[in-house]
2 protein chains.
Amino acid sequence: MRDRPSITDVAAHAGVSIKTVSRVVNAEASVLPATRARVDLSISELGYVPNSSARTLKSGVGDAVGVVIDTIADPFFAALVSVIETRALAEDMGVLFASTGFDEGRERDQLLRLAGQQVRGIILAPVAQDHGYLERYRASTPIVMVDRPRDTFDSVVVDDIRATRAAIDQFVRLGHTRIAFIGFDARFSTTTHRYEGYRQALAEHGIPLDHTLAPQAAAEVTDAKVATLGLFGLASPPTAIFAANPRAGIGVVDALHTTGHTGVAVISFGDFAFASVIRPAVSYIDQDPFHIGNAAIERLITLINEPGTQRKRIVLDTNLVARGSGEIRATA
Amino acid sequence: MRDRPSITDVAAHAGVSIKTVSRVVNAEASVLPATRARVDLSISELGYVPNSSARTLKSGVGDAVGVVIDTIADPFFAALVSVIETRALAEDMGVLFASTGFDEGRERDQLLRLAGQQVRGIILAPVAQDHGYLERYRASTPIVMVDRPRDTFDSVVVDDIRATRAAIDQFVRLGHTRIAFIGFDARFSTTTHRYEGYRQALAEHGIPLDHTLAPQAAAEVTDAKVATLGLFGLASPPTAIFAANPRAGIGVVDALHTTGHTGVAVISFGDFAFASVIRPAVSYIDQDPFHIGNAAIERLITLINEPGTQRKRIVLDTNLVARGSGEIRATA
DNA sequence: TTGAAAGCGCTACCAG
DNA sequence: CTGGTAGCGCTTTCAA
């Protein structure tokens with residue numbers, strides 16, 4: 001016997017044909033209980049594990065789903081991958097994980113590699129706008145976009161504009177007029193949509209847009225911190241800050257605590273570790289990765305099992321979770 | 001042409017044999033530049049992507065590494081997977097990700113599934129003590145244990161006992177004698193080792209062990225918080241707390257801030273989000289997941305490329321990072 | 001430098 | 001209920 005036993009070894013050991021072993025392994029009917037028992041015994045004695053490459057090659061369908069995201073170091077995506085894996089496992093599929101690092105070329109390489117690995121489907125947090133090169137594979141490999149929608153694909157997203165408007169509305173209701181927006185990053189439609197929500201809400205309330213309150217390129221922790229610190233050098237600093245993503249939220253709160261400006265109202269888009277511990281606890285827009293991940297993998301499984309299903313954009317609801325920091329009234 | 005072009009389609013399109021296409025795809029020498037160019041053109045025109053199943057089946061070696069961890073929702077493991085993926089990609093390998101959920105049965109299923117998927121090697125944060133069932137696969141699929149060592153396998157770990165002793169030593173040097181240990185979990189050798197370091201350090205300094213200061217089963221955020229709160233119901237509460245993992249650290253700090261005991265000294269094993277933002281910032285033992293992940297994937301690649309390499313346990317250094325909370329003197 | 005043919009382990013098809 | 005055989009797409013061996 002070779003390194004790893006093959007179906008042939010098992011068949012020889014059990015004294016049956018390979019086809020019978022195949023039937024047992026795939027739990028097909030029409031195998032005598034006695035035969036089945038004998039085969040099962042041989043399988044466990046030899047430690048046989050089916051060769052997934054051979055199976056995939058022959059059948060044309062793989063046994064894994066691909067998940068392509070910005071970076072797994074982001075807790076949002078970590079949670080997303082976690083639920084996807086759990087659900088995939090229940091369908092007897094593994095997870096091939098790949099990150100884009102926000103790079104379109106790398107995104108492309110990763111997607112094509114996954115296609116070559118015959119994944120059953122792909123969940124993608126897209127970077128590029130256009131994925132025309134995937135057209136050839138879509139028929140056999142359904143794709144669900146998460147976090148950022150793409151028109152010609154199924155997607156699972158939250159309504160960024162609406163959620164942000166609700167947050168800004170709350171600030172205005174509490175008397176704030178100097179409201180900052182931290183975390184803008186032109187590369188992502190999520191933050192541009194959130195900025196659009198910010199803009200709309202201000203316009204609706206007749207508050208003029210002040211560009212000094214919405215610094216660019218502040219989507220990462222350190223940038224957001226620096227940007228926030230900069231706000232307090234302004235002639236009239238903000239009394240409320242909207243953080244457009246959790247990393248920006250961390251930077252904003254860090255800056256406020258470092259400088260003692262803990263009376264400034266804060267709402268963060270997305271929860272982050274410790275947001276509930278700090279005082280005041282940080283209010284946030286609940287963009288639950290478990291919820292999103294679940295919807296995405298369910299959708300993908302549907303597309304796998306029922307090809308040709310009508311394309312769909314799934315928009316999940318968000319709540320504004322009050323924990324203190326977002327409920328601070330304007331003072332002056 | 002079928003759904004996806006195969007090497008045969010490319011060969012026909014370019015007017016060469018499949019072997020020549022294979023040579024081009026695998027960047028083998030001895031192909032005329034003109035021939036190579038023609039084949040490359042056909043490949044891009046047809047959108048050919050090599051079928052990884054066929055390649056794996058024929059060659060017997062896969063094109064992915066497996067990573068098996070407790071849960072990707074743990075930021076430590078998320079960072080670990082992140083570096084592993086980056087390095088694997090440089091070797092033209094993908095990452096098959098699987099979680100154990102701390103369950104031995106699931107660990108086993110996942111490992112056998114990965115074996116069936118012909119991964120080139122596996123990085124595993126082990127749950128079970130014994131992995132005898134893997135013996136058959138070890139020859140062809142090297143395995144590197146991370147975080148928790150296993151004697152018969154290569155492993156990459158930190159010296160838990162020594163690192164913890166250093167932390168407790170610092171507490172004693174600052175005058176503390178009532179030192180609590182939060183985050184014990186008998187299931188993991190890491191926390192039992194850390195507890196052992198705690199025990200040793202106290203013994204060395206002649207401080208009697210007080211079991212009420214080391215509550216059991218407090219390795220998760222909420223448990224740790226509850227356990228910490230419980231400490232302040234004691235006749236003589238602790239003046240210093242050692243948190244045995246980052247999640248315990250979050251729970252401890254949450255409890256201290258909730259109750260206003262911010263004068264209690266704290267050192268956490270492992271950094272966590274916001275540990276630097278809270279006041280006082282939390283001192284921690286630097287168990288850098290990037291460092292560990294790097295060492296693990298480098299080791300795995302060595303084992304893949306040079307089978308039969310002598311088994312090795314790699315112990316990484318840790319630093320005690322002073323940020324304030326660990327440097328608080330005993331008051332009474 | 002290029003090609004023809006065998007065969008990896010498995011499943012699908014068709015017989016018995 | 002069970003078995004033989006073809007062939008998935010590719011790499012490997014041997015020839016030309």
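Throughout, a chain's letter reflects where its sequence line sits, starting with A, and its residues are numbered from 1.
At distances below 3.5 Å, at least one donor-acceptor pair connects side-chain atoms of A:Arg150 with backbone N or O atoms of A:Ala128. Between the side chain of B:Arg148 and the backbone N or O of B:Pro126, at least one donor-acceptor pair lies under 3.5 Å. Panel note: side chain B:His13, backbone B:Asp9; no donor-acceptor pair is recorded below 3.5 Å.
The two residues A:Ile84 and A:Gly293 make their nearest non-hydrogen contact at CG1-O, 4.0 Å.
Exactly one of B:Ile143, B:Ile122, B:Thr100 qualifies for a side-chain contact (heavy atoms from CB on, under 4.5 Å) with B:Leu111. That residue is B:Ile122.
One finds no side-chain N or O of B:Ser17 lying less than 4.0 angstrom from the OP1 or OP2 phosphate oxygen of C:dA4. For A:Thr8 and C:dC10, the shortest distance from a side-chain N or O to OP1 or OP2 is not below 4.0 Å. When the side-chain nitrogen and oxygen atoms of B:Thr20 are compared with OP1 and OP2 of C:dG3, one or more of them lie within a distance under 4.0 Å.
Partners of B:Asp185 according to the side chain to side chain contact (heavy atoms under 4.5 Å, CB included) rule, which considers only residues two or more places apart in sequence or in another chain, are B:Arg187, B:Phe188, B:Thr191, B:Ala219. Legend: residues meeting side chain to side chain contact (heavy atoms under 4.5 Å, CB included) with B:Ala79, ordered by chain and number and at least two apart, are B:Pro289, B:Phe290. Partners of B:Asn294 by side chain to side chain contact (heavy atoms under 4.5 Å, CB included), not counting sequence neighbours, listed by chain and number: B:Ile297, B:Glu298. A:Ser59 meets the side chain to side chain contact (heavy atoms under 4.5 Å, CB included) test with A:Val61; sequence neighbours excluded. The salt bridge (charged side-chain N to carboxylate O under 4.0 Å, His left out) test applied to B:Glu220 returns B:Arg247, not counting sequence neighbours.
With salt bridges taken as basic N to acidic carboxylate O contacts below 4.0 Å, none links A:Arg108 and A:Glu104. Note on A:Arg106 versus B:Glu85: salt bridge recorded, some NZ/NE/NH1/NH2 to OD/OE distance being below 4.0 Å. Using a 4.0 Å cut-off between charged side-chain N and carboxylate O, A:Asp92 and A:Arg120 make no salt bridge.
Within residues 109-122 of chain A, no residue approaches DNA chain C, by heavy-atom distance under 4.0 Å. For the contact set between residues 49-56 of chain B and DNA chain D, defined by any heavy atom under 4.0 Å, the members are B:Pro50, B:Asn51, B:Ala54, B:Arg55.
Following rounding to the nearest Å, B:Asn26 (CG) and D:dG9 (P) show an atom-to-atom distance of 17 Å. The OH atom of A:Tyr48 sits 7 Å away from the C1' atom of C:dG9 (whole-angstrom rounding).
End-to-end axis angle for the helix from C:dT1-D:dA16 to C:dG16-D:dC1, using five pairs per end and rounding to 10°, comes out at 30°.
Along DNA chain C, the nucleotide closest to B:Leu57 and the one closest to B:Arg36 are compared, and the more 5′ of them pairs with B:Arg36.
The closest side-chain heavy-atom distance from B:Val68 to B:Ile123 is not below 4.5 Å.
Sequence neighbours left out, not one pair with a member in residues 17-68 of chain B passes ring-ring contact (aromatic ring centres under 6.0 Å, His included).
Checked against D:dC10, C:dG3, D:dT2, the side chain of B:Ser6 finds its nearest nucleotide in D:dC10.
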Under 3.5 Å, sequence neighbours excluded: what are the donor-acceptor pairs made by side chains of residues 306-316 of chain B?
from     : atom 1 : to       : atom 2 : distance (Å)
B:Thr309 : OG1    : B:Glu306 : O      : 2.4
B:Arg311 : NH1    : B:Thr152 : O      : 3.1
B:Arg313 : NH2    : B:Asp151 : OD1    : 3.1

Atom pairs under 3.5 Å: protein N/O with N/O of nucleotides 14-16 of chain D:
none

Short N/O separations, protein against nucleotides 5-7 of chain D, under 3.5 angstrom:
from  : atom 1 : to      : atom 2 : distance (Å)
D:dG7 : N2     : A:Lys58 : NZ     : 3.2
D:dG7 : N3     : A:Lys58 : NZ     : 3.4

